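Beneath this line is the structure, given in structure tokens, with notes to follow.
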There are 2 protein chains.
Amino acid sequence: MSSIPAVPAANRLLNALPDTDREHLLAHCESVELIFAEVLYLAGTKIPHVYFPTSSFISLVTPVDGDTGLEVGLIGNEGILGITLILGVDIAPFQALVQGAGSALRISVPVFLQELERSRPLQQELKRYLYVSMSQLAQTAACNRFHLVEARLARWLLMTHDRAHADTFHVTHIFLAYILGVRRVGITKAALSLQAQKLISYRRGDITVLDRSGLEAAACECYRTERATYERILGTY
Amino acid sequence: MSSIPAVPAANRLLNALPDTDREHLLAHCESVELIFAEVLYLAGTKIPHVYFPTSSFISLVTPVDGDTGLEVGLIGNEGILGITLILGVDIAPFQALVQGAGSALRISVPVFLQELERSRPLQQELKRYLYVSMSQLAQTAACNRFHLVEARLARWLLMTHDRAHADTFHVTHIFLAYILGVRRVGITKAALSLQAQKLISYRRGDITVLDRSGLEAAACECYRTERATYERILGTY
DNA sequence: GCTTGTCTGTATGTTAGCGCACAAACAGGC
DNA sequence: GCCTGTTTGTGCGCTAACATACAGACAAGC
């Protein structure tokens, strides 16, 4: 199992569409640059735009008890932000924040809905993606409950590596602590351990994956399971 | 906030449909009796039937590491089992097991899909229910991560109370341990504490809710949050 | 009445992660 | 070059939940 090959300026969901459907949709999209830590959706508020990440990636975070949060999804160029629109609900269930700076294709909600109505293949593709997202959500729930911080961190790094299309990406310990729902110190310890095993290296927020297959061994089964679900429903990487 | 009023032989999703749509669907349903601990779906296998619980209720459990599991959803007469069919996927993402014995309306998958195609209101209703289910899943994920066993147990009892339409229902400690993903002893301790507070009483698997508002105070915010989401999207209880 | 299996209560030692506090290393702006 | 804010590392006491083991209470069947 290797990293997802880089397809820099493209989105997999869009690529899977028939040419005409894709062209039609792309005609209504604008390319935008997402900046790190930008908040795209606030949980419980109206969805302003739909995004198809190309080189960027986005975290879905569910708020807990006011201050904390927990990541429940990660969207890269294999996915879409705003998927609940296909359920006829224009309220964001989660907070969406930019985890990896980069570009994305953006489309307004009314236009998206209109295109959705028009294109059967788009409907089909997005429904499948939603199924995968749900599976991923459940997997994450179980993982958070049962697995050690170090294994969860390894899993997260792999998922991010898949979506970043680069071996180095920017994330601080405190940010990871928020995402994984643990203390900052917990991340520091786990990261030190992974570094001691020469699986990663990092320096002031810049994390580099050194040994991908080693990381896969350090991660819990959840990573593998999730990928298997993706492949089964949405085709091969 | 009081308990959901009992609507014994009926399902809320079906009730919300226009008369003609409901009649049409009901004509293809058969009434079945579900027995406690019966496994209706196995995760990863083909969905055999769609169920609309009326007096029964069903747990969705995601398998972890082979032996353990974790509840990620609870379906009573406010919901449906087999919702992923509306996404065009006929593979069950979770294990479904009967948590509360009772009756349900059952319909075969092909007929269900055909009826779904025909009825716009049914599509609409089910899409909304799926949205609520996703929100619930995320809420559960966060709850499992951050909250103490006692609060989670209280929340689960409330959720079950809502779906059981009775103050007493049957669940053993070992079963609860499986559902909540903790040790059996952890449940015993939490249950003893709730009993000491005169919120519940139990005897060899028969749990009785004594003080509902007291339980609500003992539960985490998640219960309230989840209910609010339900009401917002699917109307009032 | 006895046995067997299920369910619940209790005990002991262990551990992963918590809260808090503080120090060190580093980067960028002035 | 100094100061300030950010990021990372370390230490210490605490606790919720873990693993395991066992005993008592109860129900049902023979």
Side-chain angles (χ1 to χ4, degrees), chain A residues 36-37 64-70 99 141-157 168-197 199-208 218-220, chain B residues 36-37 64-71 99 141-157 168-197 200-208 218-220:
Chain A
F36 180 69
V64 189
D65 304 331
D67 52 342
T68 354
L70 185 70
Q99 187 60 242
C143 186
N144 286 340
R145 177 66 196 81
F146 293 109
H147 299 146
L148 301 186
V149 172
E150 187 171 329
R152 287 170 56 205
L153 176 59
R155 173 178 170 233
W156 190 90
L157 291 172
T168 298
F169 39 88
H170 188 84
V171 191
T172 63
H173 288 187
I174 191 106
F175 205 89
L176 281 168
Y178 177 72
I179 291 296
L180 297 184
V182 296
R183 282 176 319 153
R184 201 262 310 159
V185 178
I187 298 292
T188 301
K189 273 185 69 179
L192 280 172
S193 170
L194 292 178
Q195 197 175 28
Q197 296 168 64
L199 305 179
I200 61 167
S201 76
Y202 62 86
R203 196 185 112 80
R204 291 186 78 73
D206 293 323
I207 296 196
T208 303
C220 43
Chain B
F36 180 67
V64 189
D65 304 332
D67 52 341
T68 354
L70 185 70
E71 186 182 83
Q99 188 60 241
C143 186
N144 286 340
R145 178 67 197 83
F146 293 108
H147 299 147
L148 300 186
V149 172
E150 186 172 329
R152 287 169 56 204
L153 176 58
R155 173 178 169 233
W156 190 90
L157 291 172
T168 298
F169 39 89
H170 187 83
V171 190
T172 63
H173 287 187
I174 192 106
F175 206 90
L176 280 169
Y178 177 71
I179 291 297
L180 296 184
V182 296
R183 283 172 319 148
R184 201 263 307 160
V185 179
I187 298 292
T188 301
K189 273 185 68 180
L192 280 173
S193 169
L194 293 179
Q195 198 175 26
Q197 295 169 63
I200 62 167
S201 75
Y202 63 87
R203 197 185 110 81
R204 289 185 76 73
D206 294 322
I207 296 195
T208 302
C220 43

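Residue numbering restarts at 1 for every chain, and letters A, B, ... go by the order of the sequence lines. Keep in mind that what you see is a predicted model, and the values were worked out from it rather than measured.
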Those residues at least two apart in sequence (or on a different chain) that pass side-chain hydrogen bond (donor to acceptor under 3.5 Å, both in side chains) with B:Thr168 are B:Thr208

Is it the case that C:dG9 (base atoms only) and B:Arg184 (side chain only) share a donor and an acceptor within less than 3.5 Å, ignoring hydrogens and angles?
yes

Check: A:Arg204 side chain, D:dT6 base, donor-acceptor under 3.5 Å: yes

Looking across every strand, which nucleic acid part, if any, lies under 4.0 Å from B:Gly186 by heavy atom: base, sugar-phosphate, or nothing?
nothing

Interatomic distance, CD1@A:Ile174 vs CD1@A:Ile179, rounded to 0.5 Å, equals 12.0 Å

Checklist entry - Would B:Tyr202 and B:Thr172 satisfy side-chain contact (heavy atoms from CB on, under 4.5 Å), going step by step from the backbone distance to the final call? => result CA-CA 9 Å; B:Tyr202 63 87; B:Thr172 63; over 6 Å; no

A:Arg183 atom CZ is separated from C:dC20 atom P, nearest whole Å, by 11 Å

When A:Leu148 and B:Gln195 are each assigned the nearest nucleotide of DNA chain C, the 5'-most assignment goes to B:Gln195

From NE2 of A:His147 across to C1' of D:dA17 the rounded distance in Å is 16 Å

Side-chain heavy-atom pair A:His170, A:Phe175 within 4.5 angstrom cut-off: no

Judged by nearest nucleotide, the residue sitting upstream toward the 5' end of DNA chain C, A:Arg152 or B:Arg203, is B:Arg203

Select base, sugar-phosphate, or nothing to describe what B:Val185 touches, counting heavy atoms under 4.0 Å on all strands. base

